[in-house]
Structure formats: structure tokens, C-alpha cells
Protein chains: 2
Amino acid sequence: MVQYYNRLDASFGALADATRRGVLVQLAQADASISDLANTFRMTLTGMKKHVSILEDVGLITTTKVGRVRTCRLGARAFDDEAKWLESYRQLWAARFDALDSVLEELKAKDQNSERQKR
Amino acid sequence: MVQYYNRLDASFGALADATRRGVLVQLAQADASISDLANTFRMTLTGMKKHVSILEDVGLITTTKVGRVRTCRLGARAFDDEAKWLESYRQLWAARFDALDSVLEELKAKDQNSERQKR
DNA sequence: GTAATACTGAACCATATGGTTTCTTATACA
DNA sequence: TGTATAAGAAACCATATGGTTCAGTATTAC
């Protein structure tokens, strides 16, 4: 179906889940093992493993295994590209309404003109 | 399964699709009917209607129907909450690495001390 | 009045998602 | 050496997602 032409799909997708957002926030406090995370979010190890893999795939976290425990930590990139997209969209959005504003200004000016002419 | 406790789930979900991001960008240029959008994105009317409904549900666009055509336009809210989440996460993230930085600084200082003592 | 247009709803389809259980493997610990 | 622990792989399950086709309704155009 949708092949991920766009990496944004994957990373916004990663964000669209409360558990995964929670994991990111927890990892910002301290590194954690998969068991730790599974425990925090009341979920099986296997279930948490999947979330961790997703976050790792999009590069938001990294993991290393030493002995039998795999430790998860925040990845090198935050949401740079994603924030950039949001920001540029917000500018487009603002521009759109600025344009509307200037139309309204214009109309208002014309209106005042006609008011003046009436007098 | 996941009931949307969190509105962020829905709006990040809305963002996690290239077509919907495209629709938002197109609407930032000019209002458009559902047919227009379906045409731009090479999709059936029905398919596009679904995307439009999703975007409307999360409040990113509004639509009004006059006669037989429904016109879509940007909604009143941009991605305020979403941008806010991203930003506060980015701060957490930065803080995490600042902390690491200061640990490194400290280690470096200690190292230089021991170097000095060796001499 | 008839035909074309624009949308809407329902049913359907394939694949994705978020979770589970069950079984294996590797490591740590007594 | 034997047992508990941490993780991983595989199969499975229910529901969600992104799309389609097909049929119906309302509106516009000729």
C-alpha cells in the first residue's frame, strides 16, 4: 500500500502513540532496559520490544545489549525534521490568514471610503 | 484497543500520512473542493473524502457545503499543541545531553588534574 | 425533463498496528 | 550444576487504516 517514500510518515507515525511518546519522555530522565519500560507501561516484554524497535528504526533511540540486558537511550536526533515540517506549515498557515487579514483590511478601507463619500 | 485518551494520538496520526500533509499544504495555497483534492492526489472521491473527514475531525480543516460542492479550507488551529509537545520534548532531549556534556566536562577536568599531578 | 456532476454511505479488501501467548536462547547467580 | 531472569522470535488475534467499487441522493446544466 503506502510505501514510505517519506521518512516523515514513519516518524510522525512513531509519535502517534502515547506509549511511545511516554517511552521517549522516560528515557529523557534516564536510560532504561526493556524490562524497565515494559514494567512502567504495564505491558509484556515482547510488546514493549516492538515499540522500542519502532523508535529505534526511526532513529529516535539507540540500544545496546550487554550481558542479557538491552539498554535503551535517547538517539542522537530529536525531532528536527518533524519540527521543521510543522514550523514551515505553521508559516504557510499564518501567511494564509495574513492574506485574509489584508483582504479584510482592504475591504474595511473601501468601506470607510464609501462612508466618507456618503457624508 | 487504544482509546484516544490523548488528542495528540489523533493529530499526530493525521500527520503521519503524506496525502494528508499534502492536502494541508494545498489548502494553504487556496481553498479546494473534494473533487479538486481527489484529482490532485489521483484518488477516488470517496477515498479523499475519508482523508478530509479525518483532518476535519482533528480540527485542522473546516468544510462547508454549498449546492453540491463541499469546500475545504484550513481550520482555525495550526499544530499548536503538537508543536508544543515537540518543543518541550526537544528541551528534555537537550537537557539530557547538556547533563552528559557537563559530566564529560567534569571528567575532562579531573583528567587534566591527574595529568598535572603526574608531571 | 433528462443527463451529467459532486458528494455520501455501505460494503468490501489487503495490509498495518498493537497487543498477546508460547517457546527458545543466553546469561547470571546460588 | 541447576534455576531464575532478560530478551527475542514466531504465531496468532482483534481492530484500524487506506484504499476501492457500487449504489443512492441532491444539484446543476442543457
Side-chain angles (χ1 to χ4, degrees), chain A residues 1-27 30-58 60-73, chain B residues 1-27 30-58 60-73:
Chain A
M1 198 189 311
V2 179
Q3 308 95 306
Y4 282 175
Y5 303 107
N6 204 323
R7 217 172 52 101
L8 284 180
D9 287 29
S11 46
F12 279 130
L15 262 175
D17 180 282
T19 302
R20 286 192 294 264
R21 289 196 303 277
V23 167
L24 290 176
V25 170
Q26 173 167 351
L27 291 182
D31 295 350
S33 70
I34 300 195
S35 307
D36 292 341
L37 294 170
N39 201 43
T40 305
F41 294 93
R42 311 296 181 92
M43 183 176 299
T44 54
L45 248 179
T46 316
M48 180 51 71
K49 174 75 189 340
K50 288 193 184 183
H51 285 303
V52 164
S53 300
I54 290 172
L55 289 171
E56 195 173 11
D57 285 348
V58 297
L60 291 168
I61 71 175
T62 63
T63 72
T64 46
K65 187 164 184 176
V66 27
R68 57 184 171 179
V69 18
R70 179 174 295 281
T71 301
C72 310
R73 55 181 57 84
Chain B
M1 198 189 313
V2 180
Q3 306 96 309
Y4 282 175
Y5 303 108
N6 202 321
R7 217 173 52 99
L8 285 179
D9 286 30
S11 45
F12 279 129
L15 262 175
D17 181 282
T19 302
R20 286 192 294 265
R21 289 196 305 277
V23 166
L24 290 176
V25 170
Q26 173 166 352
L27 290 182
D31 296 350
S33 70
I34 300 196
S35 307
D36 291 341
L37 295 170
N39 201 42
T40 305
F41 295 93
R42 310 297 181 91
M43 183 177 298
T44 54
L45 248 179
T46 314
M48 181 51 71
K49 175 75 189 340
K50 288 193 182 180
H51 286 301
V52 164
S53 299
I54 289 172
L55 289 170
E56 195 172 12
D57 285 349
V58 297
L60 290 168
I61 71 174
T62 64
T63 71
T64 45
K65 188 164 183 175
V66 28
R68 59 185 167 176
V69 18
R70 179 174 294 280
T71 301
C72 309
R73 55 181 58 82

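Hydrogens, waters and symmetry mates are skipped; everything else that's a heavy atom, side chains included, is used.
A:L27 CG to A:L55 CG: the interatomic distance, rounded to the nearest 0.5 Å, is 8.0 Å. Atoms CD and CG, on A:Q26 and A:L24 in that order, are 10.5 Å from each other to the nearest 0.5 Å. Interatomic distance, B:D36 CG to B:L45 CG, rounded to the nearest 0.5 Å: 10.0 Å.
Atoms NZ (B:K65) and P (C:dA6) sit 12 Å apart, rounded to a whole Å. One atom, CZ of A:F12, and another, P of C:dT17, lie 16 Å apart when rounded to the nearest Å. Taking atom CG on B:D57 and atom P on D:dA16, their separation rounds to 14 Å, with Å as the unit. For B:D17 and C:dT15, the CG to C1' distance is 14 Å, given to the nearest whole Å. With rounding to whole Å, B:I54 atom CD1 is found 13 Å from D:dA16 atom P. One atom, CD1 of A:I34, and another, P of C:dA26, lie 17 Å apart when rounded to the nearest Å.
Between A:H51 and the phosphate of C:dG19, there is a side-chain N or O to OP1/OP2 separation shorter than 4.0 Å.
Residues passing the side-chain hydrogen bond (donor to acceptor under 3.5 Å, both in side chains) test with A:R73 are A:D31, A:T64, sequence neighbours excluded.
No side-chain heavy atom of A:R20 sits less than 4.5 Å from a side-chain heavy atom of A:L15. Contact annotation: the side chain of B:V23 approaches that of B:M48 to within less than 4.5 Å [non-hydrogen atoms, C-beta and beyond]. A:L37 is not listed as a side-chain neighbour of A:M43, based on a closest heavy-atom distance of 4.5 Å or more. Looking at A:F41 and A:H51, their side chains never come closer than 4.5 Å, going by heavy atoms from C-beta outward.
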Sub-3.5 Å pairs of nitrogen or oxygen atoms, protein against nucleotides 20-25 of chain D:
unit_1	atom_1	unit_2	atom_2	d
D:dT20	OP2	B:T44	N	3.3
D:dT20	OP2	B:T44	OG1	2.5

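Comparing B:K49 and A:T19 by the nucleotide of DNA chain C whose heavy atom lies nearest to each, the residue mapping closer to the 5' end is B:K49.
In terms of modelled atom types and a separation under 3.5 Å, the side chain of B:R70 and the main chain of B:K49 share no donor-acceptor contact.
Shown for residues 66-73 of chain A: residues whose heavy atoms fall under 4.0 angstrom of DNA chain D, namely A:R68, A:V69, A:R70.
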